[in-house]
Each structure stands twice: as structure tokens, then as C-alpha cells.
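Everything quoted here is computed from the prediction, not taken from an experiment.
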Amino acid sequence: MAAPNIQTVDLAHIRENGLTTTSDVKFTFVDQNTGQCLELYAHKLILAIGSEVFMAQFYGTLKEERDIIAVDDASFDAFKTLLDAMYNKKVTLKEKSFMFLAELFYLAHKFLMDKLQDFIIKEVSTRKITSDQLLEAATVAENHEQL
């Protein structure tokens, strides 16, 4: 049997399947509709490698001392997709709404993840907007014009 190689380890699988013993940070969310508390576990080192912002947050001179971080500017689903991308999990955006894509773009912008931003822009630019989606797309564009 070959020894595990970091290049072949499925990090997303490790994060998603309850191996919280290796996780060293937990992100918490409160669902705005149900009030339900949700959690996502991750590894500071992997996040720091994927984002200069996380590097500064976890290993910089003013590093975050807490291991539990409440997220109040993003939904559980958008933040999970961000983590999936950071863990090299294949992310599909085809069925996602414009509102979700705007939220994910905001996170990619916040964490200085240019490739994810480009991926989202490419997805949006290839879509044909139907009359049913026009109002949503216009609202999203107006609400996120600062990005």
C-alpha cells in the first residue's frame, strides 16, 4: 500500500465527513429564515494558503485568537461554496441564482480570490437572461454596483 500523498488526499472529503478532530476553525451561521444555527469546519492552514486575507487573519501580526468565528455577512450556502472552492472541490454554478452568485462574488472579493471572481463573471456572462430573471438580475446589479 502506498503512503498517502498530500497531492492525492481529498481535502474536501475530509472537511465534509465529520473529521472535526483535524479542523482548527469553525464558522457559525444563523439562518435568517429559521433561526437555525449551522456550522462549517475548516483548517486555518488551507484557508491561509488560498487567501491572503485568511493568512493575515490566522497568522498575521493581529491574528484571530478565536477558533469559532460567527459569519453574519454571508449565507451558509455561499460560504460553503467558497470553502469548497478553496478545498479544490469541483464547484458548479450553472443552477445558482444571480443573488447567490452576487453573494459568492462578494465573498471572493472580500477574501481576494481573483480566480473565483473570474469564474463567477464567466458564468454570469454566458447566461441568457429570461424575462423571469430580468428583475432579479437588475436588483442584484443595483445592490452590488460597488463591486
Side-chain angles (χ1 to χ4, degrees), residues 6-7 9-20 22-147:
I6 191 66
Q7 295 174 337
V9 172
D10 185 352
L11 296 173
H13 178 77
I14 290 170
R15 181 178 58 82
E16 292 174 345
N17 289 297
L19 294 177
T20 57
T22 63
S23 299
D24 56 358
V25 64
K26 176 172 64 172
F27 296 96
T28 60
F29 306 80
V30 176
D31 186 290
Q32 299 299 325
N33 298 322
T34 66
Q36 179 183 11
C37 292
L38 303 168
E39 302 173 340
L40 285 171
Y41 291 88
H43 306 86
K44 291 178 181 178
L45 179 61
I46 293 171
L47 300 180
I49 290 169
S51 165
E52 296 172 36
V53 175
F54 280 126
M55 177 65 82
Q57 183 176 358
F58 297 134
Y59 299 106
T61 55
L62 300 173
K63 69 180 179 178
E64 178 74 57
E65 297 295 335
R66 298 173 298 155
D67 294 333
I68 301 173
I69 300 171
V71 177
D72 56 10
D73 64 343
S75 68
F76 174 86
D77 291 332
F79 203 86
K80 181 180 181 309
T81 301
L82 177 84
L83 291 183
D84 286 346
M86 295 184 83
Y87 277 77
N88 291 328
K89 184 174 180 180
K90 185 175 181 175
V91 173
T92 303
L93 302 177
K94 295 217 180 293
E95 302 299 319
K96 302 297 184 184
S97 69
F98 286 111
M99 192 60 105
F100 180 88
L101 294 174
E103 185 178 7
L104 186 59
F105 189 88
Y106 161 78
L107 289 172
H109 179 75
K110 176 181 177 179
F111 292 108
L112 302 177
M113 298 176 63
D114 295 338
K115 288 183 181 179
L116 182 56
Q117 286 179 290
D118 292 344
F119 183 56
I120 295 164
I121 290 169
K122 183 178 177 185
E123 172 60 32
V124 170
S125 67
T126 61
R127 290 188 177 189
K128 292 184 179 180
I129 298 177
T130 64
S131 58
D132 295 341
Q133 299 169 319
L134 186 58
L135 184 58
E136 178 191 7
T139 302
V140 168
E142 184 177 343
N143 291 339
H144 295 87
E145 66 183 333
Q146 71 280 6
L147 295 177

query = Does the side-chain contact (heavy atoms from CB on, under 4.5 Å) test come out yes or no for K26 and Y41, once each step is laid out?
reply = CA-CA 4 Å; K26 176 172 64 172; Y41 291 88; 3.4 Å; yes
task = Show your working on side-chain contact (heavy atoms from CB on, under 4.5 Å) between Q117 and H109 and close with a plain yes or no.
result = CA-CA 7 Å; Q117 286 179 290; H109 179 75; 3.3 Å; yes
key: Worked check of side-chain contact (heavy atoms from CB on, under 4.5 Å) between M86 and L116   = CA-CA 9 Å; M86 295 184 83; L116 182 56; over 6 Å; no
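Note that SG of C37 and CZ of F76 are 12.0 Å apart. Values are rounded to the nearest 0.5 Å.
Using modelled atom types, one side-chain atom of T81 and one backbone atom of D77 make a donor-acceptor pair closer than 3.5 Å. No side-chain donor-acceptor contact under 3.5 Å links S51 to the backbone of A48. Proximity of a side-chain donor or acceptor of D67 to a complementary backbone N or O of V25 within less than 3.5 Å is not detected. T92 places no side-chain N or O within 3.5 Å of a backbone atom of K94 that could act as its donor or acceptor partner. Formation of a donor-acceptor pair under 3.5 Å by the E103 side chain with backbone atoms of S75 is found in this model.
Taking the six-membered ring where tryptophan is involved, the planes of F27 and F79 are tilted, since the angle between them lies from 30° to 60°.
Proximity of K80 to K89: side-chain heavy atoms (C-beta onward) are separated by under 4.5 Å at one or more points. With a 4.5 Å cut-off on side-chain heavy atoms, T28 and L40 do not count as touching.
For E64, the CD atom sits in a packed shell: over 12 heavy atoms of surrounding residues, nucleotides or ligands are nearer than 6.0 Å.
A salt bridge links D73 with K110: at least one charged nitrogen is closer than 4.0 Å to a carboxylate oxygen.
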